[in-house]
Amino acid sequence: MKNIWTVMKKEFARFFRDRRLVLALILPGVLIYVIYSFLGSGIIAGIGGTDENYVYQIYTVDMPDVFKAPLEALENVELHEISVDEIDEVKDRVADQEEDLLAVFPADFEEKYAAAVAGDPTAAPTVDIYYNTVRTEGTQAYALFSAALSPFQQDVTDYFRPAVQDLATDRDVTGMMFSMIAPMLVLMFLFSGCMAVAPESIAGEKERGTLATMLVTPVKRSHIAAGKIISLSVLSLISGVCSFLGIIFSLPKLMGVAGSLSASVYTAGDYLMLLGIVLSSVLVIVALVSVVSAFAKSVKEATSMIGPLMILVMLLGVSTMFSSGATGSYLWYLIPLYNSARAMSSIFSFLASPVAVLITIIVNLVAAALLAFLLAKMFDSEKIMFNK
Amino acid sequence: MEEQTFSAGPVSEPNAPEIPAEAPPENVLVATGLKKTFRLSSKQRKIEKTPLKEKIAVNGLSFSARKGEIYGLLGPNGAGKTTTLRMLATLIRPDEGDALINGFSIVHQPDKVRSQIGFLTSELKPDEFFTPSYTFDFFSELQNIPTQVRDERKAMLFSRFGIDKFAETKISDLSTGMKQKTSIAISLVHDPEFVIFDEPTNGLDVLTAKSVTDFLVELKNRGKTILLSTHIFSLVEKICDRAGIIIDGKMAAEDTVAALTKEKNLEEVFFDIYAAAKGGKEI
């Protein structure tokens, strides 16, 4: 144990005495927060939103006054009634993204409407609406226009529909958001944290010949492997936590749900389970990246070999977006890292099963131990350590 | 140069067999039938222009080094010197044969062997990010050296090599000579009985090279056994007691340096042995 601690101290000294490496550990988290919080909202507004003072230009043909009333009541809508002759010209301008929307009502709209209400469904009038989905303002104008028309549509189709009201609570919104996104983010950031330290510590030391200096001491290979994996896990965790905090603090702004998203809806028990999963996952990830790094001849080779592994781990994280993490057999929890994604998803959506979490942690610890054993064997392999 | 004895008091290595004070010269190293074969990739076969899929790097090598002597290992590039040293340092395992270092087998007791040897080769480098002092402390800790002994030993070795002024300077900022001296000091943190030096004066200026060779003699005078691999014939003639000449992985000649150089200098002897081993081919 003393030797494991000695190796760990050296690894910590290597990273914490080097300002550049310390920066590399914490900078991603800070950058994520800054970019997503301050620039992210601007970018999102640029992508999906419009100027709040924008006045939508809606052109209408033969639009009955009864429909105009709700639209005219809106401050950000300007209606232009045009003649049938102008339809083609305005349609072209809408297509060219110069105007927002054109609505063409049939001349006999009111008769048809009356007939439909009287019980003749075939008489239901058709309103042609033209807008360009590429133009954000067009899409927004369509949304406003449809909202204004919807009560009438319900009457026509004789279909009772209550006014839609979002009944989701803040807790539900938080749970849904976190369970969809957080598992992927946690795995991704733990992995990128590990990428910042493990290839340098294993492949870098092998490349520079400094690892071999340890191999000629009486210290057991397994102790060197354990010392490296534990210290790299701590470093990866620091980096991962920095990145994770960055994204968690900027997530409300990023997702445009500021105010309704709060991490306080989770209990101490949830956080404890989460901690267990994160700690066991980081051990597996570090051990996995260390094994690949030991196999590589240089840091460069290690980084390129780890690339596909990162995609795989990200896919495992993404998998929870499309499935319910809480349901299904416990057998799923026997797959290292995938079990982490599932278990995290279940915690975030308030459906955590302590048994599943326990299985996850045990399976991950066993996987990490097996990989550490493999790493120790690799340290002992002349083909791997000295094959240039 | 100021002469200093390198002794921080006898450190009892837990596994070292006790040696009686009046014991006759004994073999610290006994290598028997060492053999090591490497697989050649198709690329390597093309480079070496051989159809063979395997290369015998070391072929049944047997030799021994006595306590308190400097044994010189000579041979051309590719003769198997480095492979032999790596096997003795337990970095790679022999396919056949074994070697006993202070009575411990490199095949069956590699951990014990590692506590008995100091190994210096250009392939093993200290992490240049750290200082000589930190690196010395780190390896002392791995070798289980008590703090007080470590500090005394560090002070003596650093003073002996003039590293003390640079003890807290990053190794990357040191000169080539100072780096090599640091490597030597670090390879001796545990005051090993048997020291393997692979080309210790390579790339050093004459002054630094002299201080290193002087130190090897000092170590010998203190009863340490040294296995020295080198290309420099004059160095072997000057400081080695015995020498072995390896050609194509086999021991082509082995004797005391005095006996080998009875009629010709070592360089000429080497060429004769090489030509004989190659079936009279010109070099």
Side-chain angles (χ1 to χ4, degrees), chain A residues 1-22 24 197 200-228 231 235 297 299 376-388, chain B residues 13-15 36 38-39 41 44 57 82-83 85-95 104 106 109-131 134-135 137-145 170-172 182-183 186-187 189-190 192 195-196:
Chain A
M1 282 304 288
K2 185 179 159 285
N3 288 332
I4 295 176
W5 176 234
T6 305
V7 175
M8 284 175 66
K9 276 193 297 182
K10 184 224 157 203
E11 291 296 321
F12 289 142
R14 177 70 187 85
F15 280 91
F16 289 120
R17 287 186 189 189
D18 193 333
R19 277 185 210 153
R20 284 178 310 167
L21 289 175
V22 172
V197 291
E200 165 60 30
S201 172
I202 309 270
E205 284 223 36
K206 184 180 156 186
E207 190 180 2
R208 292 192 298 272
T210 53
L211 189 58
T213 54
M214 274 196 268
L215 300 180
V216 288
T217 64
V219 180
K220 285 189 166 66
R221 269 63 168 148
S222 56
H223 288 182
I224 298 174
K228 288 242 174 213
S231 52
L235 293 166
K297 287 172 188 160
V299 176
K377 286 280 158 204
M378 290 171 87
F379 283 163
D380 216 13
S381 164
E382 58 190 77
K383 267 188 195 161
I384 288 167
M385 297 312 294
F386 299 103
N387 191 12
K388 302 257 174 180
Chain B
E13 301 293 350
N15 301 312
K36 187 71 192 175
F38 292 115
R39 279 201 166 173
S41 64
Q44 286 169 318
T82 301
T83 305
L85 298 188
R86 279 180 179 179
M87 284 192 282
L88 296 177
T90 71
L91 283 175
I92 59 176
R93 276 187 209 90
D95 297 335
F104 297 117
I106 60 167
Q109 299 160 291
D111 291 350
K112 296 255 168 55
V113 169
R114 285 178 207 130
S115 66
Q116 301 291 311
I117 61 163
F119 185 36
L120 179 86
T121 168
S122 58
E123 289 171 323
L124 270 62
K125 292 166 194 155
D127 195 329
E128 299 208 344
F129 175 79
F130 294 112
T131 63
Y134 179 91
T135 311
D137 293 351
F138 172 65
F139 282 101
S140 298
E141 216 171 323
L142 291 182
Q143 293 278 7
N144 260 327
I145 308 297
K170 269 189 181 181
I171 294 175
S172 57
T182 304
S183 293
I186 289 163
S187 69
V189 292
H190 51 311
V195 190
I196 304 169

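When reading the values below, keep in mind they use all heavy atoms of this one structure, side chains included, and skip hydrogens, waters and symmetry mates. A quick note: this is a predicted structure, and the numbers were derived from the prediction, not measured. Per chain, numbering begins at 1; letters A, B, ... match sequence-line order.
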With a 4.5 angstrom heavy-atom cut-off, could you sort out which part of B:Arg39 is near chain A: side chain, backbone, both or neither? neither
Side chain from CB out, backbone as N, CA, C, O: work out which of these in B:Lys36 comes under 4.5 Å of a heavy atom of chain A, or both, or neither. side chain
Name the option with the most non-hydrogen atom pairs under 4.5 Å to chain B; the candidates are A:Lys220, A:His223, A:Lys10, A:Glu205. A:Lys10
Find the distance between NZ (B:Lys125) and CG (A:Leu211) and round it off to the nearest 0.5 Å. 13.5 Å
Run the salt bridge (Lys or Arg N to Asp or Glu O under 4.0 Å) test on A:Lys9 and B:Glu141 for me, step by step, so that the C-alpha distance in whole Å, both residues' side-chain angles and the decisive distance to 0.1 Å come before the verdict. CA-CA 11 Å; A:Lys9 276 193 297 182; B:Glu141 216 171 323; 2.9 Å; yes
Minimal heavy-atom distance between B:Phe139 and A:Thr217, with the atoms involved, is CD2-CG2, 3.8 Å
Among the listed options A:Gly204, A:Ser381, A:Ala13, the residue most often paired with chain B at heavy-atom distances under 4.5 Å: A:Ala13
In this structure, which one of A:Thr210, A:Leu215, A:Val216 forms a side chain to side chain contact (heavy atoms under 4.5 Å, CB included) with B:Leu124? A:Val216
Please give me the minimum heavy-atom distance between B:Asp111 and A:Pro218, naming the atom from each residue. O-CB, 3.6 Å
How long is the gap from CE on A:Met214 to CG on B:Asp127, to the nearest 0.5 Å? 8.5 Å
May I ask you to test the A:Lys2-B:Asn144 pair for a side-chain heavy-atom distance under 4.5 Å? yes
Other residues, nucleotides and ligands only: do more than 12 of their heavy atoms fall within 6.0 Å of CZ on A:Arg208? yes
Contact class of B:Phe138 relative to chain A, heavy atoms under 4.5 angstrom: both
Heavy-atom pair of closest approach, residues B:Arg114 and A:Val219: NH1-O, 4.5 Å
Part of A:Arg221 within contact of chain B (heavy atom distance under 4.5 Å): side chain
Intermediate values then yes/no, side chain to side chain contact (heavy atoms under 4.5 Å, CB included), A:Arg17 and B:Tyr134: CA-CA 12 Å; A:Arg17 287 186 189 189; B:Tyr134 179 91; 3.7 Å; yes
